[in-house]
Every structure is written in structure tokens, then in C-alpha cells.
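Quick caveat: nothing in here was measured; it's all calculated off a predicted structure. Every number for a ligand or one of its atoms is a count from 1 in the order of the listing.
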Amino acid sequence: MSELVRPYGDTTGDGMVQISFTLPVDGRGESARRAEGAAAQLANKMGLDPALVVHTRPMGPDFTFFVVYGRVQHLVNLDEVTVVERDYPLLSPKEANAAIKRALRRRLTVVGACIGTDAHTVGIDAILNIKGFAGEKGLEYYREVKVVNLGAQVSVPQLVERARAEKADAVLVSQVVTQRDAHLLNTREMSAAFREAYPADRRPLLVVGGPRFDESMAGDLGVDRIFVRGTTPTEVASYLVHRLAAKGAAA
Ligand code: B12
């Protein structure tokens with residue numbers, strides 16, 4: 001039997017949800033009621049019934065931000081939920097270092113960057129910098145990992161060139177800004193450039209990360225793995241060891 005659940009607001013299974021959005025309408029003074037009517041209409045069309053406009057905030061004369069609370073009839077079938085499972089074991093830094101030493105007999109080189117115009121370096125630094133994230137040390141802490149962190153706003157040609165110069169085993173790219181699908185466009189450009197620049201069996205492992213990626217899109221974007229919000233350095237190090245140490249051992 002499939003497992004069905006409904007959203008919950010006041011009482012279990014009441015179907016209540018809260019959404020927020022902006023409309024290009026004037027929400028000030030005399031125009032406020034019409035703006036709220038517009039928000040309620042949109043929410044109704046999205047299937048919220050009743051739809052209660054609980055917050056309205058005009059932003060200048062041209063835009064208004066709304067929060068709407070309302071009931072949906074939809075059910076969630078938990079049996080139909082698909083997620084990308086972690087298919088490798090989590091290793092401590094000591095275990096990861098030992099596996100790299102055993103399999104590669106040299107240090108594993110990682111080149112990281114934020115590409116395009118993206119200047120959000122906190123995410124990639126959380127993974128790479130020694131101070132790490134969520135109580136875990138970053139990859140710089142790993143004795144057998146050489147980290148080259150190129151920082152922000154790196155162009156794809158610069159990234160490819162540096163990856164070649166460093167003989168990178170893995171290239172780690174961060175994309176936080178998603179406006180006009182910049183994260184998808186930049187990632188596709190990056191993966192195409194690496195495919196162009198390297199023979200298939202010599203290409204470094206391509207890893208991208210950022211809070212708004214869909215983990216299931218790796219194949220579509222031409223990368224080996226996508227990491228999303230909340231990723232910790234241990235997960236990334238363990239994945240790299242899993243992929244690269246296995247490859248090194250086979251070579
Ligand atoms: C800090 C910040 C800034 C700082 C960045 C400073 C810096 N050195 O990084 C400054 C002030 C410079 C900034 C500027 C801008 N920002 Co800003 N910024 C933020 C903010 C508040 C936090 C981001 C952050 O640091 N998160 C913490 C880190 C740890 O989380 P993370 O990035 O998700 O990383 C984790 C995972 O995603 C993953 N991960 C990330 N990258 C990678 C890479 C790899 C390889 C791996 C394995 C994992 C991984 O691991 C990390 C740890 O778990 C967010 C809003 C928010 N609350 O998220 C907006 C936000 C990202 N910014 C935004 C915007 C719009 C901008 C500007 C365009 C604003 C403007 N008009 O000027 C500019 C753009 C500048 C540019 N050229 O990129 C928007 C983006 C909207 C969108 N849809 O794209 C956001 C969402 C705010 C918003 N709600 O509007 N910003």
C-alpha cells in the first residue's frame with residue numbers, strides 16, 4: 001500500500017501551505033486591495049482554496065511582495081519520492097589519506113573555483129579551507145590532498161589551463177547564483193571545455209556544488225557529481241577517494 005501524506009498547518013492533514021511571491025503591481029494606499037485580490041487570484045489558480053493573503057509589502061510603486069496561506073487538496077506519495085543516494089562510504093581524514101597513499105602513491109590534486117561572474121566563495125571555501133564546515137575540517141587539512149583554490153569569478157579557460165598545469169585529479173566548481181539559469185549554463189560550458197581539452201580517459205573528475213542544484217542532473221550537465229546545500233567536506237573527500245583511488249588502483 002502506498003504511503004500518502006498531506007501538508008499540515010493547524011491540524012494534522014489539513015492541507016495548509018504557505019507560499020510567497022512578488023507581483024509587478026502597486027500595493028500602496030488605494031491600490032492595496034486590488035493588489036491583494038491579484039495575489040489571491042494567482043494562489044487560487046495554483047490550487048489554494050481558500051487562499052488567505054496574510055502579508056503584503058509594497059516595494060516601491062511597481063512591485064508588491066505577498067505571503068499567502070491556504071489549503072491544497074494534493075497528496076504526496078512517499079513511495080514515488082526519488083533521491084540520489086550516497087553510494088560510497090564516509091571516511092575519516094585518516095582513512096582518506098591512507099586510501100590515497102595506497103592507491104595513487106602520490107598526493108591527490110584538487111583545483112577549486114567559483115566560475116563565471118559568481119563571487120559567492122563561502123560555499124567552496126567551506127569545502128576546501130582548512131577551517132572547514134559544520135565541525136569538519138576542509139580538504140586542505142588532508143595531508144594527501146593538494147588544494148589549489150582559485151577563488152571567485154574564474155573564467156572557464158583559466159580553470160582549464162590551471163587544471164592542466166596542476167595535473168588536477170578533480171576540479172571542484174561552485175555556482176550559487178541561479179539568475180537566468182547561470183549555474184546551469186556555466187556548468188555546461190565548463191564540462192564541455194574539459195571534454196574538449198582532455199582525452200576521455202585523462203579528464204579530471206568534474207564536481208559542481210551549490211545550494212540550488214538538482215543532484216539528479218549530473219549526466220545532463222556533463223559532470224560526475226553534484227553536491228547541494230548542507231554538503232560537508234567529509235562527504236566530498238570520501239567521494240573523491242571512492243572515485244579516484246578506485247581508478248588509481250585499477251591503473
Ligand atoms: C554571503 C552572500 C553574498 C556575499 C558573498 C561573499 C562571499 N565571499 O561569498 C556578497 C555580499 C558578495 C553577495 C553578493 C551578491 N549576491 Co549574494 N548572497 C549571500 C548569502 C546571504 C549567503 C551565501 C552563503 O555564503 N551561504 C553559506 C554557504 C556555506 O552555503 P552554500 O553556498 O550553499 O555552500 C554549501 C553547499 O551549497 C555546498 N557547495 C557550494 N559550492 C560548492 C562547490 C562544491 C564543489 C561542493 C562539493 C559543494 C559546494 O557546500 C557548501 C557547504 O555546505 C545568500 C543568501 C543565502 N542565505 O543563502 C545570498 C544570495 C546567494 N546572493 C544573491 C544575489 C542576488 C547576490 C548579488 C547578485 C546581489 C547584487 N544585486 O549585487 C551579488 C552577486 C555578486 C556576484 N558577482 O556573485 C541571491 C542569489 C539569487 C539567485 N537566484 O541567484 C541570494 C540567494 C540572496 C537572495 N535571496 O536574493 N552575496
Using atom types as modelled, flag every donor-acceptor pair under 3.5 Å from a side chain in residues 235-242 to any protein atom, sequence neighbours excluded.
from	atom 1	to	atom 2	distance (Å)
Glu235	OE1	Thr232	N	2.8
Ser238	OG	Leu91	N	2.9
Ser238	OG	Thr234	O	2.7
Tyr239	OH	Arg243	NH1	3.1

Output side-chain donor-acceptor pairs under 3.5 Å for residues 37-55, partner residues at least two apart or in another chain, one line each.
from	atom 1	to	atom 2	distance (Å)
Gln41	OE1	Lys45	NZ	3.0
Asn44	ND2	Leu48	O	2.8

Could you go through residues 146-157 and list every donor-acceptor pair under 3.5 Å that involves a side-chain atom there, pairing it with any protein atom two or more places apart or in another chain?
from	atom 1	to	atom 2	distance (Å)
Lys146	NZ	Glu166	OE1	2.7
Asn149	OD1	Gly151	N	3.1
Asn149	ND2	Asp125	OD1	2.9
Gln153	NE2	Thr117	O	2.7
Ser155	OG	Gln158	N	3.2
Ser155	OG	Gln158	OE1	3.3

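Under the 4.0 Å distance rule, the nearest protein heavy atom to atom 48 (C) of ligand 1 falls inside the cut-off. Protein heavy atoms are absent from the space less than 4.0 angstrom from atom 88 (C) of ligand 1. Within the 4.0 angstrom cut-off, atom 43 (C) of ligand 1 has one or more protein heavy-atom neighbours. There is no protein heavy atom less than 4.0 angstrom from atom 1 (C) of ligand 1. For atom 55 (C) of ligand 1, no protein heavy-atom neighbour is present inside the 4.0 Å cut-off.
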Stepwise side chain to side chain contact (heavy atoms under 4.5 Å, CB included) test for Arg107 and Ile100: CA-CA 7 Å; Arg107 293 175 87 199; Ile100 295 168; 5.9 Å; no

Residues Asp118, His183; criterion side chain to side chain contact (heavy atoms under 4.5 Å, CB included); working and verdict: CA-CA 9 Å; Asp118 207 327; His183 62 315; over 6 Å; no

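The protein heavy-atom contact nearest to atom 35 (C) of ligand 1 is Gly123 CA, 4.2 Å. The protein atom (non-hydrogen) at minimum distance from atom 46 (C) of ligand 1 is Gly209 CA, 3.8 Å. Of all protein heavy atoms, the one closest to atom 25 (O) of ligand 1 is Val122 CB, 3.2 Å. Of all protein heavy atoms, the one closest to atom 82 (C) of ligand 1 is Thr178 OG1, 3.4 Å. Of the protein's heavy atoms, Gly210 N, 3.7 Å lies nearest to atom 39 (N) of ligand 1. Nearest protein neighbour of atom 8 (N) of ligand 1, counting heavy atoms only, is Thr121 OG1, 2.9 Å. For atom 52 (C) of ligand 1, the nearest protein heavy atom (residue, atom name, distance) is Thr231 O, 3.2 Å. For atom 68 (C) of ligand 1, the nearest non-hydrogen atom of the protein is Gln179 OE1, 4.3 Å.
If you number the atoms of ligand 1 from 1 as listed, the ones under 4.0 Å from a heavy atom of Asp118 come out as 78 (O). Set against the non-hydrogen atoms of Phe227, the atoms of ligand 1 under 4.0 Å away are 47 (C), 48 (C). Near Val236, meaning under 4.0 Å from one of its heavy atoms, ligand 1 places the atoms 47 (C). Interface atoms of ligand 1 facing Arg229, defined by a heavy-atom separation under 4.0 Å, are 36 (C), 37 (O). Heavy-atom proximity to Thr117, at under 4.0 Å, picks out these atoms of ligand 1: 76 (C), 77 (N), 78 (O). Per-residue contacts place Val228 under 4.0 angstrom from the following atoms of ligand 1 (heavy atoms of the residue considered): 36 (C), 37 (O), 38 (C). The Pro211 neighbourhood of ligand 1 comprises atoms 33 (O), 37 (O), with distances under 4.0 Å to a heavy atom of that residue. Atoms of ligand 1 lying under 4.0 Å from at least one heavy atom of Gly230, given by number and element, are 53 (O).
Asp87 and Arg225 are joined by a salt bridge, as a carboxylate oxygen and a charged side-chain nitrogen come within less than 4.0 angstrom of each other.
Counting non-hydrogen atoms of neighbouring residues, nucleotides and ligands closer than 6.0 angstrom, the OH atom of Tyr141 reaches no more than 12 such neighbours. Residue Arg57 places its CZ atom among 12 or fewer non-hydrogen atoms of other residues, nucleotides or ligands, all under 6.0 Å distant. With a 6.0 Å radius and a threshold of 12 heavy atoms from other residues, nucleotides or ligands, Glu161 has its CD atom at or below the threshold.
Between Gln175, Arg180, Arg212, Glu136, it is Arg212 that holds the heavy atom closest to atom 86 (C) of ligand 1.
Distances from ligand 1 to the non-hydrogen atoms of Gln153 include at least one value under 4.0 Å. Contact between Glu235 and ligand 1 is absent, with no heavy atom of the residue lying under 4.0 Å from the ligand.
Here the protein contributes His120 NE2 as N, O or S atoms under 2.8 Å from atom 17 (Co) of ligand 1.
Considering backbone and side-chain N/O atoms, Thr232 never comes within less than 3.5 Å of an N/O atom of ligand 1.
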